[in-house]
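I have placed the structure first, in the form of structure tokens, so that the comments after it can refer back to it.
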Amino acid sequence: MGNEAIGTMLGMLRAKKGYPRGKLCRGLCTSQMLIKIEKGTCEVDKFLLDMLLQRLGKSPDKLEMILSEDEYKRVRLIDEIEESIWKGEREKALSLLAEYEAGFVKETSVQKMFKLRMRAYISRRIDRDMKAAETYLLQAVQLTLPGINTENMMNYTIAGNEMENLLALGLCMFEQGKQEQAEEHLFACKQYLDANVTDEEAYAKLFGKCAWLIAKLYAKKGEYTRAYLICEEAFVKLRRCGILYFMLPLLEQLITCGAKMGIDGEKSKWNIYHEILTELYQDYGRPWECKDSLFHNCNRMTCHLDSEFIRQERIAQNLTQEQLIEGVYQSPETLSRVERGKESPVKRKFEGLMENLGVERGKYCGTAIVEDYETLELKWQVENCIGRGDYTAAEAMLQKLKENVNLQWKMNQMMTANYQDAILHGLKKKSAEELLAHEKELLLLSYRAGGEGIRVPLRNELMVQNQIGTLLRELGRVEEADALYRQIIGTVENSRMDKHYRYQIYCLPNINLAINTEDERLVSGGIRYELLCGNGTLLPSYLHILAHIERKTEAAKEPVRIMQAYYLCELFFRESYQTLLKDYYQKHFGGNLP
């Protein structure tokens, strides 16, 4: 799926919503540019694409992106600026912000908006100057949402980043004592979210922050029941999506409001969750770990560097630079600059290189080649059902998915066949030997490994490799499985792109290798990684492994770890695993878990 397909997807989403082009792109780009984006005839960078998708109520995390060095540098800079502000490093934050500003040949409204929101963050977080923060936020809001106010908010399309700006503005109002103004503003934000954000994960992230702020308003007025109920609603939505980030602020509100309502905090599940998560952050998180910034989120993106991808794929296929540039560049020196990250290919050149490599990829691509976002969402539903062990539901959804995708594309063949094998394996309808042979054939559809050409796998390739590892372990070939997991982990860790931007590639091989080896370094690193990325569904597994490790050295800690894993299973709705842990605890320690 190249720019044409991602543009088509945007156009179909926009038409389905009934948005005129001018409404969708207002404050971001011209209608003429949006026409070109929808037709796939112009370049669109990650930041603009993210905001367009978010304005349509969808999450960019379901895409797999190949970024230029420049795009990746900007992503890193924004994160580094936020980190410096949270740590109180004012001069470093300003220096990084100046570097961010200097990196653009032509500044866009999106780039200016990020700059203003970081200045607001510095004013509020470090300078404690709420008035200055409010001024910067108003400028940021009006830059990309010109003319917006509380009364007309529903007439706009609002991206996630823009909603965060609006929520931060509401917080500034609240902190300056403008209670009524803040309340009116934040309820308008909630009304917009409820009506327009249709992606479950995108909604959970934003609603959690909005609910936390509205609860502050309720609590200020002594309306603790209302504060409690809206926090509970937001907390459940985060739980269902496995999102760890922003849970602690909501839990703190729930415990405080519950106490005011006469709920025994010592016995409440909220208190248990809070104690476990707080201990994990203390033991494994970074001392400055961000817990309640409105500008921070859980991270589930999957990104690759164009320079690394092109070079490693070329080497894996045993192609010379001269062979790869045929019909694309006149001189191999140009490709050499691309592979060294000194130059990024424009859209037409990138697509030419991908064609010569036989890779079915655009720069901004789903893990399936589709033109409608709903099919992409269906693909994730299939994967989630398989992950939960609900193979009957997965099989029905997979049939629908097959009907909605073009199976002439190798990427779609690999994806659907891998899901089919996972279902057959789960239902025990095919032997592990047969499935292993088939999965190895699937991998060869797009993944070649040759010396230093071994690259970070794409998401579909990772899912096939993970299934291969699972089958090898089942067949007793654990060393082969571990070697495969180490190879995948090595490609990510040896990349110039930080593993923080490859959650969906890194987390599975790391947890599987940790299970096989019971290596404490892998477990500690895995827990730190989950906290860093703001995700929680793998935490019970890591704590279970840790319990086994500590049994050999510190027996007294094992029942505590099992209990923690048990309650985290409950927290993230991992019912079958929770039952397993309950039985384990009863068998080994003679007690009953609720």
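Nothing fancy with the numbering, it's 1 onward along the sequence.
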Inset, instruction - From the options R300, Q504, K205, select the one residue that forms a side chain to side chain donor-acceptor pair (under 3.5 Å) with D61. - result: K205
Inset, instruction - Taking the side chain as every heavy atom from C-beta outward, state whether T470 and E439 have any atom pair closer than 4.5 Å. - result: no
Inset, instruction - Take atom CZ of R240 as the centre, draw a 6.0 Å sphere, and report whether it contains more than 12 heavy atoms from other residues, nucleotides or ligands. - result: no
Inset, instruction - Could you tell me whether the side chain of V456 reaches within less than 4.5 Å of the side chain of M497, counting heavy atoms only? - result: no
Legend entry - Whether over 12 other heavy atoms sit under 6.0 Å from N318 CG: no
Inset, instruction - Would you check if the side chain of N412 reaches a backbone N or O of I369 as a donor-acceptor pair within less than 3.5 Å? - result: yes
Inset, instruction - Taking atom CD of E518 as the centre, report whether more than 12 heavy atoms of other residues, nucleotides or ligands fall under 6.0 Å from it. - result: yes
Inset, instruction - Give the C-alpha distance, both sets of side-chain angles, the deciding distance and a yes or no for side chain to side chain contact (heavy atoms under 4.5 Å, CB included) between Y281 and L248. - result: CA-CA 10 Å; Y281 274 110; L248 280 177; 3.5 Å; yes
Legend entry - Under 3.5 Å: donor-acceptor pair, side chain of K209, backbone of L294: yes
Inset, instruction - State, with a plain yes or no, whether a side-chain heavy atom of L376 is found less than 4.5 Å away from one of L63. - result: yes
Legend entry - Exercise: do E377 and Q381 side chains pair donor with acceptor under 3.5 Å: no
Inset, instruction - Decide side chain to side chain contact (heavy atoms under 4.5 Å, CB included) for N161 and F47; before the verdict, give the C-alpha distance in whole Å, the side-chain angles of both, and the deciding distance to 0.1 Å. - result: CA-CA 10 Å; N161 293 319; F47 302 91; over 6 Å; no
Legend entry - Set of ring pair (Phe, Tyr, Trp, His ring centres under 6.0 Å) partners for Y529, sequence neighbours left out: Y503, Y506
Inset, instruction - Count the heavy atoms belonging to other residues, nucleotides or ligands that lie under 6.0 Å from CD of E520, then report whether that count exceeds 12. - result: no
Legend entry - Test item: L568 and L277 side chains (from C-beta on) under 4.5 Å apart, heavy atoms: yes
Inset, instruction - Taking atom CZ of R521 as the centre, report whether more than 12 heavy atoms of other residues, nucleotides or ligands fall under 6.0 Å from it. - result: no
Inset, instruction - Please indicate whether K92 has more than 12 foreign heavy atoms, meaning atoms of other residues, nucleotides or ligands, lying under 6.0 Å from its NZ. - result: no
Inset, instruction - For the residue pair D199 and Y373, establish whether any side-chain heavy-atom pair is separated by less than 4.5 Å. - result: yes
Legend entry - Heavy-atom donor-acceptor pair, R125 side chain to W86 backbone, under 3.5 Å: yes
Inset, instruction - Can you sort out the partners of H296 under ring pair (Phe, Tyr, Trp, His ring centres under 6.0 Å), two or more places apart, ordered by chain and number? - result: Y245
Legend entry - N/O donor-acceptor pair under 3.5 Å between E308 side chain and R496 backbone: yes
Inset, instruction - Before giving the answer on side-chain hydrogen bond (donor to acceptor under 3.5 Å, both in side chains), spell out for H425 and E474 the whole-Å C-alpha distance, their side-chain angles and the decisive distance to 0.1 Å. - result: CA-CA 11 Å; H425 180 242; E474 186 177 313; 2.4 Å; yes
Legend entry - Candidates R502, K363, H304 - the one meeting side chain to side chain donor-acceptor pair (under 3.5 Å) with E64: H304
Inset, instruction - Look at the side chain of D45 and the backbone N and O of E71, then say whether any donor-acceptor pair between them is shorter than 3.5 Å. - result: no
Inset, instruction - Quick one: do E395 and Q420 satisfy side chain to side chain contact (heavy atoms under 4.5 Å, CB included)? Show the steps, please. - result: CA-CA 8 Å; E395 200 162 28; Q420 187 67 66; 4.1 Å; yes
Inset, instruction - Would you sort out whether S541 and R574 count as a side-chain hydrogen bond (donor to acceptor under 3.5 Å, both in side chains), showing the intermediate values? - result: CA-CA 10 Å; S541 301; R574 296 185 63 182; 3.3 Å; yes
Legend entry - Heavy-atom check, side chain of I511 versus side chain of I545, under 4.5 Å: yes
Legend entry - Distance-only side-chain donor-acceptor flag, K379 / N404, under 3.5 Å: no
Inset, instruction - Give me the one residue out of E275, K269, H274 that meets side chain to side chain donor-acceptor pair (under 3.5 Å) with N271. - result: E275
Inset, instruction - Carefully, step by step, assess V405 and T375 under the rule side chain to side chain contact (heavy atoms under 4.5 Å, CB included). - result: CA-CA 8 Å; V405 299; T375 301; 3.7 Å; yes
Legend entry - Residues K73 and E69 bridged, charged N to O under 4.0 Å: no
Inset, instruction - Scan side-chain atoms only and decide if N466 and N512 contain a donor-acceptor pair under the 3.5 Å cut-off. - result: yes
Legend entry - Polar side-chain atom of R388 near backbone of S576 as donor-acceptor pair, under 3.5 Å: no
Inset, instruction - Using modelled atom types only, decide if a donor and an acceptor are shared between the side chain of R314 and the backbone of L319 within a distance under 3.5 Å. - result: yes
Inset, instruction - Would you confirm whether Q465, through its side chain, and L484, through its main-chain N or O, come within 3.5 Å as a donor-acceptor pair? - result: no
Legend entry - Main-chain N/O of T491 paired with S495 side-chain donor or acceptor, under 3.5 Å: no
Inset, instruction - Could you tell me whether R455 and E461 make a salt bridge, using a distance below 4.0 angstrom between a side-chain N and a carboxylate O? - result: yes
Inset, instruction - Would you please say whether a donor-acceptor pair under 3.5 Å links the side chains of Y284 and E530? - result: no
Legend entry - Q413 side chain to L407 backbone, donor-acceptor under 3.5 Å: yes
Legend entry - Close side-chain approach of K440 to L444, heavy-atom, < 4.5 Å: no
Inset, instruction - Please tell me if the side chains of D482 and R486 come closer than 4.5 Å, counting only heavy atoms from C-beta onward. - result: yes
Inset, instruction - Check the angle between the aromatic planes of H544 and Y584 and answer parallel, tilted or perpendicular using the 30° and 60° thresholds. - result: perpendicular
